[in-house]
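Computed from heavy atoms alone, side chains included, the values below leave out hydrogens, waters and symmetry copies.
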Amino acid sequence: MDKLLGRAGIWLLAFGVAVAGVAAAKDTGFAIHMGIFAAAALIALVASLRGANYKALAAGGAAPADQSRYDDDPTRWGIIATVFWGMAGFLVGLIIALQLAFPQLNFAPYLNFGRLRPLHTSAVIFAFGGNALIATSFYIVQRTCRARLALPGLARFVFWGYQLFIVLAATGYLLGITQGKEYAEPEWYVDWWLTIIWVSYLLVFGGTLLKRKEPHIYVANWFFLSFILTVAMLHLVNNIDIPVSITGSHSVPFFGGVQGALVQWWYGHNAVGFFLTAGFLAMMYYFVPKQAQRPVYSYRLSIIHFWALIFLYIWAGPHHLHYTALPDWAQTLGMVFSVMLWMPSWGGMINGLMTLNGAWDRLRTDPILKLMVCSLAFYGMSTFEGPMMSVKFVNSLSHYTDWTIGHVHSGALGWNGMITFSAIYYLVPRLWGRERMYSLQMINWHFWTATIGIVIYAASMWVAGVTQGLMWREYGADGYLVNSFADTVAAIHPMYLARAAGGLLYLSGACIMVWNVWQTIAGKTRDEAPMYSPDFNPAADHPLPAAA
């Protein structure tokens, strides 16, 4: 009873503080956000009071949780949130692609490109990707530690608190509340809230590791732990801001000038390195062996991959600042470490692909494995392209062009998207107690639709980027630039149309996934032909060895 009253008191206090914030707000945006905080605190208060088992409390306390069963509720909620926010992020991405091709689709002030673009990036990275990482980390750490999730109440706070962070960030972008920092746009009070959530996340994950019954810590948990700890460090340093007013939405960054740029891209590149790489590699190291029903190809290589990756990645950020006021030695340092990153990155890709030794024939019958192999292929391609683009000579052509956009999306859509889709298809039947997904054929359709969409998207941006770079550096005999900026925009317009077409295909594949997941959760199974031809016989193609 004391715990219930304590929780209710905390939420009641939070509600009161938020209401006071609405009353004292210096600007409309802050008042709206404090209103959202107040509504969330009120919902949490009502849920706490209505969800309590008063009979058990009156009898001397609630019954203890069944420690023989894993706590999968946060994972179930996280999978549903991943699908929901993924659709939102993909849809906004298509809209802004169309806005670049057709400027008349910009509707000021709330729905113009400048406000929708950070909404898209945050929705895909932090809403879609973040929920996938939280959900899968809770699932994986329990199975690999043979221990129930530590601090279950705090785990639920992490999930719901993270959803509140997403809502605050998204509404802030539409209202024009932003720090103007790439991948770190939310203002100071939203950053404080995320810090509370992230520390809680670390306590839940770390607590589960500490109570493990399995003496060995599997490599996926090392990647998850590095992701949680490093993102916390990046977030705290990059978001040191001085609020203009404690009841206002605006702040002044602590770092300025070239120091601010260096801190920002130390954060920005390592957000890619630890949020979009280390965390998703943890997913790869668990789900690929499980789906292939093979042990990881080389556990020793996975450990080398881990330590090399986390040591090298943290130094690579300055390659975003070539040919700027940053000292040349710092630019070169970033370039050298970026090139060195190619080796451990491909070590991880090779480890994942070689795990399928003896199971390659299953690609004909298992579309989830297709998604996994495709994600590893895009991971390998992106981690080769990135170091190449960090070399100053190449960067002088590629930087500030759409080549960078193609590079980022080949990694995000191909690597992060595909491995997340495969994890969703792996988890949904198991979490909801179904024999299999509603339709394997629809997973196959999703695979091909998404793959073709990524190829069209990335190829169009590669062509657009090289075109821009070459036109911007073309000089005439008189020493003046030949092409105006408007000339380059006109030249790449067809590629912008192709990009929108690729994004539409990718979104269409995600729509197929939504229907497939929905029907699976509902307990339905589609009557469909098998994924292979009637004359396909795996045993005949790969006969078992004769008995000795």
Side-chain angles (χ1 to χ4, degrees), residues 93 96-103 113-114 117-118 120-121 182-183 258 261-262 264-265 268-269 272 276 316-328 330-339 341-342 345 378 380-415 453-503:
I96 62 175
L98 290 170
Q99 286 179 331
L100 288 172
F102 306 102
F113 179 86
R117 191 266 178 182
H120 162 64
T121 54
E182 185 75 348
Y183 311 136
V258 70
L262 180 59
Q264 161 58 34
W265 283 110
H269 189 76
V272 174
L276 295 178
H319 77 231
H320 288 266
L321 298 169
H322 284 331
Y323 305 107
T324 67
L326 189 72
D328 188 68
Q331 299 178 34
T332 303
L333 180 75
M335 179 186 73
V336 170
F337 274 89
S338 300
V339 172
L341 264 174
W342 169 67
S345 297
F378 274 105
M381 182 186 70
S382 298
T383 52
F384 171 77
E385 185 183 27
M388 179 185 70
M389 293 172 70
S390 75
V391 176
K392 287 186 177 181
F393 175 76
V394 180
N395 194 266
S396 66
L397 174 68
S398 71
H399 208 42
Y400 307 118
T401 74
D402 286 323
W403 184 353
T404 303
I405 309 302
H407 164 63
V408 169
H409 281 78
S410 67
L413 302 180
W415 159 235
I454 297 167
V455 170
I456 294 173
Y457 190 115
S460 64
M461 290 298 96
W462 290 332
V463 173
V466 173
T467 301
Q468 287 172 313
L470 293 175
M471 291 182 71
W472 289 346
R473 61 166 58 177
E474 186 178 358
Y475 289 87
D478 55 1
Y480 287 94
L481 289 171
V482 172
N483 304 294
S484 68
F485 183 79
D487 293 332
T488 67
V489 173
I492 62 178
H493 187 259
M495 278 71 87
Y496 276 21
L497 296 177
R499 169 172 61 182

Closest non-hydrogen contact found for A101 with L497 is CB-CD2, 3.9 Å
Can you tell if the side chain of W403 reaches within under 4.5 Å of the side chain of L397, non-hydrogen atoms only? yes
Nearest heavy-atom approach of K392 to M335 is N-SD, 3.5 Å
Kindly assign one of parallel, tilted or perpendicular to the pair W265 and Y183, based on the angle between their ring planes and the thresholds 30° and 60°. perpendicular
For the side-chain contact (heavy atoms from CB on, under 4.5 Å) test, which of Q468, R499, M471 pairs with I492? Q468
Calculate, to the nearest 0.5 Å, the distance between atoms CG and OH belonging to D328 and Y323 respectively. 9.0 Å
Which atom names give the shortest non-hydrogen contact between V339 and S390, and what distance separates them? CG2-OG, 4.1 Å
Looking at NE2 of H322 and NE2 of H399, how far apart are the two atoms once the value is rounded to the nearest 0.5 Å? 8.5 Å
Return the orientation label for the H409 and Y457 ring planes: parallel under 30°, perpendicular over 60°, tilted otherwise. parallel
How about Y496 and D402: does a side-chain donor come under 3.5 Å of a side-chain acceptor? yes
How close do S338 and A316 get, counting heavy atoms only, and between which atoms? OG-CB, 3.4 Å
List the atom of A498, the atom of I456, and the distance in Å for their closest heavy-atom pair. O-CG2, 3.3 Å
Interatomic distance, M495 atom CE to I405 atom CD1 [nearest 0.5 angstrom]: 14.5 Å
Check whether the side chains of H269 and H320 place a donor and an acceptor atom closer than 3.5 Å, and report yes or no. yes
List the steps and the verdict of side chain to side chain contact (heavy atoms under 4.5 Å, CB included) for H407 and S398. CA-CA 10 Å; H407 164 63; S398 71; over 6 Å; no
CH2/W342 to OG1/T383 distance, rounded to the nearest 0.5 angstrom? 9.5 Å
So CD of E182 and OG1 of T121: to nearest 0.5 Å the spacing works out to 6.0 Å
Nearest 0.5 Å, what's the CG-CD distance between L481 and E474? 9.0 Å
Minimum heavy-atom separation for S410 to S382, with atom names? OG-OG, 3.3 Å
Is it the case that the side chain of W472 and the backbone of T488 share a donor-acceptor pair, with hydrogens and angles ignored and the cut-off at 3.5 Å? no
